[in-house]
Every structure is written in structure tokens, then in C-alpha cells.
There are 2 protein chains.
Amino acid sequence: MAEKTNGLAIGAVAAATGLSVHAIRFFEQEGLFLRDIPRNASGRRVFEQQDVDWLLLCNRLRESGMPIAGIRSFVELVRAGPGNEPDRLALLREHEARVRARIDDLHDCLDVIHAKVATYERHVADGTAAGLWSPR
Amino acid sequence: MAEKTNGLAIGAVAAATGLSVHAIRFFEQEGLFLRDIPRNASGRRVFEQQDVDWLLLCNRLRESGMPIAGIRSFVELVRAGPGNEPDRLALLREHEARVRARIDDLHDCLDVIHAKVATYERHVADGTAAGLWSPR
DNA sequence: CTAAATCCTAGAGTGGACTCTAGGTCAAGT
DNA sequence: ACTTGACCTAGAGTCCACTCTAGGATTTAG
């Protein structure tokens, strides 16, 4: 006997993913789920754990700056069925590269910002020797 | 005799900073310059190198996610004159911390994404042994 | 001298990713 | 039974940081 798959209401999915109920509906509307989410007799969405898992990965993609359109591209590939795995891989690799580039970029910014912080630290530590020295 | 300070037109500043002319006007409107930008006889903005320098730092702050409002706060402190350096330092430190946190966050995302990439790489390398194995 | 480029202001429009509202149906607790 | 809460749809509104438009003045290159 198969184990009963516990259908999840949208609120439960929201709680599990940190997304708002509104956002989850928006995601469905945008075609960001890997399958059509089924509805129960009264029209309510019935999610499964796999949908939650996907949303969690989705969240990482979004947090790391992948636009909705990028996620949709990936979803479309998955929905198209097996055979396009190299395309999916390419898409993920591209995003990985973008994230790495973004991290590098942030490190560069950090250098500049930290230099500024260090300058101010020196200035403030030296007490009000100000006047001769006006940092911005 | 003092060296003539070469006033820069907005277009030159745009070229030097990578910002659009529109964006620079917008910045001025939002009060993001450390001083009021003077105008020449016919009303055109006359920038100096110091303004460009500030914009370059500004760019780093923006690129690293500081909102306009945050930059404005800093500007207001600088414009208020000496004496509030500890506040400026606090502001910069906070931002530095946020950037570090963001980098950490991106690293977390990267782990997840790279794991996905690695999985697909294995799958694709193994040829079409698909069917038994359906990654998403 | 003239045409093209650059500049000006005020304000409207854009894009992305939600968030919220209105107006209603359905379910669950007491 | 009834009230509260979760859910539904369609569509409007929000926020941010620009970007673009219109209409006009000035500067510069040829």
C-alpha cells in the first residue's frame, strides 16, 4: 500500500518556503512550477513536497539574482522532458558564472568601502585632529 | 598664480564615471552630491574632479547595494560639517557588514547552484542513461 | 553662418518582482 | 449555527532607480 502523499495547502507552502501566499500564486501564474499544480474539488491548490523542494531551489536562484525569466527558461526545459539536459546545464553554468562574477564585484566594492572605513577609523581614533583633514 | 581648475561639463562627467547624463542630473536632484554643483552663466553645471571622485565612490556604494537613501544620509552628514565623523563611520561600517553578509549569502547560493551543476555534469557526461534518473 | 551637438527643466514612463485590494467561496473551530 | 480564518480570481498599486520625452537655449565644429 502506497504511503499517502500529504497534499499541502498554499499557506503551508508559504510557511515552509518563506514566500508569501501572494508570491506563490504569482509564481504559478508566471509558470515557475515544474508541473501544473493540481486543485482539489473546491479549486484550491494542492502542493506536494516536491513543489516545496523546487521552490527552495528557486529561492536560491532568485536570491542570487536570476530573473524570473531565467527561471522560466529552466522550467520550460524541464517541462519539455528528457533530452535537453545539456541546455539545462548550460543555463545553470551561466548563472553560476554570473554569481561568481557578482561575488568578485562585491569584493572589489568591499575593498573600496573598507578602505574608507579604515580611513575614518584612523581619523576618529585620532580624536578631533580635524580641520586639517576632511575625509568624505 | 593658481592653476586653473578645469570645470567639467556633465557629459564629461558621464564619460568619466560611466553614469548617464540623465542619471547624474537625477543624482543632483536627489541631493547626492557633497556640495551644490555650481552653474555657469548660461545655467550649465560645472563639475570638478572632486565631484567625479565622489561619484566613483558613490558607484561602489550603489553597486554594492546601498540604496539612494543611504547615500543621502551619508551626504547629509558630510554636508553638516566636521564633528559627526563617528556617525559617518557607523554608516560605512554598517554597509560594509551588509556587503559581507551579502557575499556570504551568495556563497551559500553558489553551493546549491554548483551542486546542481555538478549533478547535471555527471548526468550529461554519462550519456543518455536517462529515464532512471530525472534531475530538475 | 549654420547645422549638429550639448545642455537645460519638468515631468512622464519603464521594468522587475512582487504586494495589496475587492469581492467572493469554502472550511474549521466552538 | 455561526464566526473566523484560509483560500480563490482579476487586476490595481507600490517601490526603486533610473530612463526617456518634449520643448527650448546655448555651444561648437565646419
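Residue numbers begin at 1 in each chain, while the letters A, B, ... track the order of the sequences.
Taking every heavy atom of both residues into account, Phe47(A) and Ala9(A) meet most closely at CD1-C, 4.2 Å. Phe33(B) and Arg79(B) make their closest contact through O-NE, 3.0 Å (heavy atoms, listed as atom of the first residue, atom of the second, distance). The two residues Ile37(B) and Val46(B) come nearest to each other via the heavy atoms CG2-O, 3.7 Å.
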Its contact letters, B for base, S for sugar-phosphate only and - for none at protein heavy atoms under 4.0 Å, make nucleotides 10-25 of chain D read -------SBSBB---B

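Classification of the Tyr120(B)-Phe74(A) ring pair by plane angle, with boundaries at 30° and 60°, yields perpendicular.
Listed pair Ser42(A) / dC7(D) fails the phosphate criterion, with no side-chain N or O lying under 4.0 Å from OP1 or OP2. Distances shown here put every side-chain N or O of Arg45(B) at or beyond 4.0 Å from the OP1 or OP2 atom of dT26(D).
Between Ile10(A) atom CD1 and dT9(D) atom P there is a gap of 8 Å when expressed in whole angstrom units. Separating the CD atom of Glu30(A) from the P atom of dA17(C) is a distance of 9 Å, rounded to the nearest angstrom. If you take CD1 of Ile24(A) and C1' of dC7(D), they are 12 Å apart, rounded to a whole angstrom. For Leu8(A) and dC7(D), the CG to P distance is 11 Å, given to the nearest whole Å. As rounded to whole Å, 14 Å separates atom C1' of dT6(C) from atom CZ of Arg39(B).
Between the side chain of Arg72(A) and the backbone N or O of Glu30(A), at least one donor-acceptor pair lies under 3.5 Å.
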How far apart are the C-alpha atoms of Glu121(A) and Arg93(B), what are their side-chain angles, what is the distance that settles it, and do they pass the salt bridge (Lys or Arg N to Asp or Glu O under 4.0 Å) test? CA-CA 10 Å; Glu121(A) 274 170 348; Arg93(B) 269 184 176 153; 2.6 Å; yes

